[in-house]
Amino acid sequence: MSSAQQRAAVTGLSHLIDGELVAGGGRFAIVSPWTELAIAETPRATPEEADRAIAAARRAFDEGPWPRMAPAARAAVLRRFAERLQARRDELVHIAIHQAGAVRSLAEGLQTDAPLAAAFGYADTAGTFETIESQTLEGTPLPGASGRRRSRLVQRVPAGVITAITPFNYPFRVSVQKVFPALAVGCTVILKPHPTTAWDSALMAQAAQEAGVPAGVLNILLGAGPEVGELLVADPRVDKVSFTGSTATGRRIMELASATVKNVILELGGKSANIVCADADLEKFFATEPGNLKHAGQGCGQLTRVLIEEEIYAEVTARIAEQMRRIPLGEAEDPSTGLGPLANRAQFERVLQYIEIGRKEGATLMCGGEPVAERAPGFRVQPTLFTDVRNDMRIAQEEIFGPVLVAIPFSGAEEAIRIADDSIYGINASVWSRDTEKAWRIAASIRTGSVGVNCLANVTAGPHGGFKQTGIGREWGKYSLDEYVELRAFEVHE
Ligand code: NAD
């Protein structure tokens, strides 16, 4: 029995509202996807608590010191906030493993250390962020107005009160990615994480309070689902919504935001193509472990459609299947475990349903396709590969969000581009060919937010975001900062 099973569920987690840790009412159980046991319990945010959080964030923006603070002072608070989170790094790793079902290497890297590093980076940026974007002084006298000057400047001002809504797959990472850049430029925030993965947000609430983030600047509501989420989007006191989640929810958010013509950032779903040309360096391609989808395939930019040129289709699919069969399906705490569970029961059932759909559509199940029976209880599905897939099948068009790859044959670069782009999504892609000119041509033709040429694109470097129904806006790195400012132009005639 793992240490998580032996431990009693963690209780006493609180919202953060107007600078206070609030125990709140109701209870929401966070269930470990490895064991199906409750591992933590949060309060369930109510509409009244959402109203108080919005009022606090509005007041902190309109009347409080945060947007008006000297950049160095704001940076110092954010640095203390990042340090308080860093001090709980091992706890955050534990949470990423047991709450989200991440394997240890992923829990440590992308789920914890990368966002912690980003938090420190945004704290530094807060101290140096240029609020005057450009300044053009036309110092020569105006015609007919001797001695007078004309000045024009563009100022970047904080966008206001931000509602940040985050998904279950990379909860801490996505929350940091919204909260820190928004605070760095002087916005105030209400964060609503996914209720099933809100444990890390409870740590964030404690860390913010310990760091002295002023009252109302950051508010965090735990255990809340769509009902509270919709209030936070629709409320006229909120200026902008920063949302990461499914395309279906993104559509709803845009609809709700439209009533007050609210600006939105939408980071939504994907069905990205991994294009392997016949002249690819296959050793390089297989070194990226295309058969081992990170976080059991629960990532927006995962390369879940493998487009393989006909000449090498049989060889490449056989090797991917081989790679999948070798993935160690061990225990949560075992560092050699290569594939963990789906994050929750709904996701587990959804993935199995899609496998059934693939079978009915006539694709060939080359490996996997079943729950991992010997690992029950737990929401684990075998790494699965479908071959003989046509791009018009549902398993090729719809985001499965599980350890399921579909392999689609193509003939020639033009067909690869056509198939890659035949998707409502446009977030990521990779292209593999020894002919760099051809690889570049394919990469530049595809309408996605990032593309790797003979590699996997590094989304953390930014800009990260998507074309088409993957959404609106760009995050990560300096690109996030631009999302949380409004531009204001001044023209001054002396
Ligand atoms: P989801 O849309 O079900 O939920 C996301 C968040 O929205 C949760 O906090 C949820 O409580 C909230 N929510 C649900 N309905 C709402 C409503 N009507 N109004 C307001 N809030 C509402 O998404 P999920 O299942 O948690 O996450 C998986 C999805 O997220 C996948 O589609 C994945 O591709 C996407 N994702 C995208 C990115 C990206 O950067 N593009 C990153 C991570 C995940």
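In each ligand, atom 1 is the first atom listed, and ligand 1 is the first ligand listed. Both backbone and side-chain heavy atoms feed into the values below; hydrogens, waters and symmetry mates do not. The structure displayed is predicted, hence computed values, not measured ones.
The shortest contact between atom 18 (N) of ligand 1 and any protein heavy atom is with Glu230 OE2, 2.8 Å.
Going from atom CG of Asp200 over to atom CD of Gln111 covers 8.5 Å, rounded to the nearest 0.5 Å.
Within the set Gly299, Ser246, Gly301, the minimum heavy-atom distance to atom 23 (O) of ligand 1 is found for Ser246. For atom 11 (O) of ligand 1, the choice among Glu255, Gln177, His194, Lys192 with the nearest heavy atom turns out to be Lys192. Around atom 2 (O) of ligand 1, the closest heavy atom drawn from Leu268, Leu232, Thr249 belongs to Thr249.
If you check the side chains of Asn428 and Ser450, you find a donor sitting under 3.5 Å from an acceptor. Side chains of Asn391 and Arg305: a donor on one and an acceptor on the other come within 3.5 Å. Between the side chains of Ser480 and Glu483, no donor-acceptor pair is found at a separation under 3.5 Å.
Residue contact annotation: Val174 has no non-hydrogen atom under 4.0 Å from ligand 1. At least one heavy atom of His464 sits closer than 4.0 Å to an atom of ligand 1. Using 4.0 Å as the threshold, Pro193 has a heavy atom nearer than that to some atom of ligand 1.
Counting heavy atoms closer than 4.0 Å to ligand 1, residue Glu267 contributes atoms from both its backbone and its side chain. Residue-level proximity to ligand 1 for Pro195 is carried by the side chain, the only part with a heavy atom below 4.0 angstrom. Residue Gln347 does not touch ligand 1, judged by heavy-atom distances below 4.0 Å. The residue Tyr170 has no part lying near ligand 1, judged by heavy-atom distances below 4.0 Å.
A 6.0 Å sphere centred on CZ of Arg474 holds more than 12 heavy atoms belonging to other residues, nucleotides or ligands.
The backbone N or O of Leu487 sits nowhere less than 3.5 Å from a side-chain atom of Arg156 that would complete a donor-acceptor pair. Between the side chain of Arg27 and the main chain of Glu41, no donor-acceptor pair closer than 3.5 Å is present.
With Ile400 as the partner, the side-chain contact (heavy atoms from CB on, under 4.5 Å) test is satisfied by one option alone out of Ile355, Ile395, Thr384: Ile395.
Numbered from 1 in the order shown, with element, the atoms of ligand 1 that lie under 4.0 Å from a heavy atom of Ile427 read 41 (N). Close contacts between ligand 1 and Thr244 involve ligand atoms 5 (C), 36 (N), 37 (C), 38 (C), 39 (C), 42 (C), 43 (C), 44 (C) [criterion: under 4.0 Å to a heavy atom].
Side chains of Phe129 and Leu481 form a contact here, defined as non-hydrogen atoms less than 4.5 Å apart.
Looking at ligand 1, you won't find any N or O of Arg252 less than 3.5 Å from one of its N or O atoms. Between Thr247 and ligand 1, no pair of N/O atoms sits closer than 3.5 Å. Some N or O of Gly245 is nearer than 3.5 Å to an N or O of ligand 1, by distance alone.
Partners of Arg394 according to the side chain to side chain contact (heavy atoms under 4.5 Å, CB included) rule, which considers only residues two or more places apart in sequence or in another chain, are Tyr354, Ile357, Glu361, Glu398.
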